[in-house]
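Contents: one structure, followed by commentary.
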Amino acid sequence: MMRSLFWTFAGTFLLVLLTSLLAQALVIVMVVQPITDRRAARLAEEAAREVAAEIATLGPEADEGDVRRTLREGRDLRGVASLAYRDRDGRIYTPHRLPDFLEHRYQQLLETGEDPGPTMSEASLPPPRDPRRDRPGRPGRGGGPEGGPGPVPGHGRAFGEAADRYSMKMLARWPVESASGILGDVFAIAPRSELPLWPPRVPRPLLLFLPVAVVLSGIGAFVLFRLLVRRIRSLESLATRVTEGDLTARVVDRGGDEIGRLASRLNRMTESLAEARDRLEANDRARRRLFADITHELATPMTSIKGYAETLTDAEIHVDGNEQREFLRRILDETNRLAALVKDLFELTRLEAGAIPLERERLDLAALMANTVVRYEPRFRAAGLELTLTGDADGGWIDADGRRIEQVADNLLGNALRYVPAGHRITVSMRRAAPGGLRHVFTVEDDGDGIAPEHLAHVFDRFYRVDPARTSEGTGLGLAIAREIVERHGGAIRAENRPDGGARFTVELPAA
């Protein structure tokens with residue numbers, strides 16, 4: 001079974017949620033609770049001083065309303081806790097009047113420190129109303145009719161409603177002292193289960209916010225997960241197709257985020273792999289063709305040598321002295337041709353591999369071409385061809401290996417000597433680069449029949465011959481060697497047909 005990121009996302013979401021709840025609980029227990037306890041103790045201390053001051057100021061005239069007012073005025077920790085005062089006679093004073101069952105519970109809590117908790121009958125009974133609140137009368141010191149406690153503040157009402165439903169606990173206790181001794185105690189009381197989690201003053205419907213938030217977060221996470229998985233699966237599909245050899249596969253993802261950039265890079269990688277495969281296939285085809293060409297080129301002279309040798313060694317065949325000398329001469333020619341072929345092939349391989357270092361020097365290309373023409377002129381004249389030199393006579397300075405550049409000229413002139421029919425003209429021209437120019441150019445052209453268009457693109461290939469029937473002349477590697485030498489010097493060589501007939505070979509070399 002394949003694993004899915006869905007469970008990773010879902011597990012991570014639940015883990016984060018549980019961790020957040022646990023962290024919230026720890027913060028409440030370790031931070032909020034101690035802070036609340038310290039505030040409750042400080043509140044009880046301040047209230048005890050004010051109650052003592054109130055009693056000391058009013059003396060015997062201090063009544064229940066005065067004490068309630070002192071406890072009620074902003075002394076309830078934002079509705080989380082409330083104050084109560086118990087005098088020496090055991091009477092309990094709270095910011096608002098309590099029902100009988102709550103007063104009984106307060107009495108037990110302040111005496112024993114334990115709250116018996118609400119009963120079903122108590123929780124179902126509404127707090128009794130004070131009849132003095134509905135009866136008109138003279139406002140008293142407590143702010144209500146006839147000195148009653150007055151309306152219950154909002155925080156006190158919330159606390160009282162919470163106390164109706166939950167058990168209570170004592171947060172702090174502080175004695176009320178006067179010159180005559182201890183008058184009683186002030187207590188800070190809070191609902192036991194309400195303090196850490198939910199303040200009584202907050203409406204209970206808001207408790208639905210947490211599950212709704214969890215559900216909405218889960219839906220959002222699921223939608224986001226589906227979008228991400230769809231994009232990731234497209235990348236997976238691309239990788240699968242590439243693994244199976246389909247390098248035409250592409251991912252259509254126009255997003256500018258990390259996944260979109262990854263898809264773009266994978267597309268470029270696939271394109272690069274396709275290009276590399278094409279190059280490898282082309283190299284493999286070239287290697288196979290080269291192997292076939294080498295086999296063919298080597299087989300021809302070896303077959304001739306074998307035939308002549310078998311004739312000379314066969315006792316049943318009578319061969320006179322002149323025939324023997326002719327056979328031996330032909331064997332020597334084929335051997336020389338075979339040696340030249342091996343030499344050229346070895347040289348071309350080393351040139352392509354960069355194994356032949358170039359011994360560069362500053363030389364005059366025009367002078368080198370002039371010397372080459374002088375050397376070849378007798379051979380062209382003997383073959384019934386005219387060889388001429390035109391263009392600049394000197395000043396074409398280059399940084400090059402003179403022996404290799406001369407080899408390029410030899411190959412071009414030797415190629416013309418073999419393939420241009422007698423009675424035609426071969427012209428070597430030299431053109432220097434203009435002042436500040438980058439290249440010097442020389443050309444070898446003839447006025448013969450030219451090169452057929454289907455052969456023109458292949459004249460620099462190994463073992464390629466325009467006339468396959470003429471297999472006895474040359475090795476078929478001369479132009480390939482010339483191209484490698486020129487390109488290693490940073491130049492270029494090309495072949496074309498002249499507009500008025502004949503072939504032209506152009507060589508460009510960087511100027512010094």
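Throughout, residue positions are numbered sequentially from 1 according to the sequence presented. Quantities reported herein were computed from a predicted structural model and do not represent experimental measurements.
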Roughly how far apart are [X] [atom1] and [Y] [atom2], rounded to 0.5 Å?
X: Glu484; Y: Phe460; atom1: CD; atom2: CZ; value: 11.5 Å
X: Arg325; Y: Asp320; atom1: CZ; atom2: CG; value: 8.0 Å
X: Thr303; Y: Glu334; atom1: OG1; atom2: CD; value: 9.5 Å
X: Phe442; Y: Leu368; atom1: CZ; atom2: CG; value: 8.0 Å
X: Met430; Y: Asp364; atom1: CE; atom2: CG; value: 7.0 Å
X: Thr388; Y: Ile426; atom1: OG1; atom2: CD1; value: 8.5 Å

Do side-chain atoms of [X] reach the backbone of [Y] as a donor and acceptor pair under 3.5 angstrom?
X: Arg360; Y: Asp399; answer: yes
X: Thr335; Y: Ile331; answer: yes
X: Arg431; Y: Gly391; answer: no
X: Asn411; Y: Gly478; answer: yes
X: His489; Y: Asp401; answer: yes
X: His424; Y: Asp447; answer: yes

Does Glu236 form a salt bridge (Lys or Arg N to Asp or Glu O under 4.0 Å) with Arg233? I'd like the steps, not just the answer. CA-CA 5 Å; Glu236 182 183 8; Arg233 283 178 178 171; 5.3 Å; no
Count the heavy atoms of every other residue, nucleotide or ligand shown that sit under 6.0 Å from [atom1] of [X], and state whether that count exceeds 12.
X: Met302; atom1: CE; value: no
X: Arg425; atom1: CZ; value: no
X: Glu359; atom1: CD; value: no
X: Arg379; atom1: CZ; value: no

Is there side-chain contact between [X] and [Y], with heavy atoms separated by less than 4.5 Å?
X: Leu238; Y: Asn267; answer: yes
X: Leu479; Y: Phe505; answer: yes
X: Leu328; Y: Leu312; answer: yes
X: Arg498; Y: Asp446; answer: no
X: Leu266; Y: Val251; answer: no
X: Val507; Y: Leu412; answer: yes
X: Arg265; Y: Met269; answer: no
X: Arg288; Y: Arg285; answer: no

Should Leu247 and Val242 be marked as a side-chain contact (heavy atoms from CB on, under 4.5 Å) after you check the CA-CA gap, both sets of side-chain angles, and the distance that decides it? CA-CA 5 Å; Leu247 297 182; Val242 171; 3.8 Å; yes
Which heavy-atom pair separates [X] from [Y] by the least distance, and what is that distance?
X: Ile398; Y: Ala511; answer: CG2-CA, 4.4 Å
X: Thr506; Y: Glu496; answer: OG1-OE2, 3.9 Å
X: Phe380; Y: Leu413; answer: CZ-O, 3.4 Å
X: Arg439; Y: Gly490; answer: NH2-O, 3.4 Å
X: Val459; Y: Ala495; answer: CG2-CB, 3.8 Å
X: Pro421; Y: Leu385; answer: O-CD2, 2.9 Å

Asp410/Arg375 under side-chain contact (heavy atoms from CB on, under 4.5 Å): CA gap, chis, key distance, verdict: CA-CA 10 Å; Asp410 289 344; Arg375 287 192 296 108; 2.9 Å; yes
Polar side chain donor-acceptor pair, Ser429 to Thr390, under 3.5 angstrom: no
Just by distance, no angles: are the side chains of Arg268 and Ser264 close enough, under 3.5 Å, to form a donor-acceptor pair? yes
I need the single residue from Glu326, Arg329, Arg330 that forms a side chain to side chain donor-acceptor pair (under 3.5 Å) with Tyr308. Which is it? Arg330
Taking NZ, NE, NH1 and NH2 as the nitrogens, is one of them in Arg403 or Glu406 under 4.0 Å from a carboxylate oxygen of the other? no
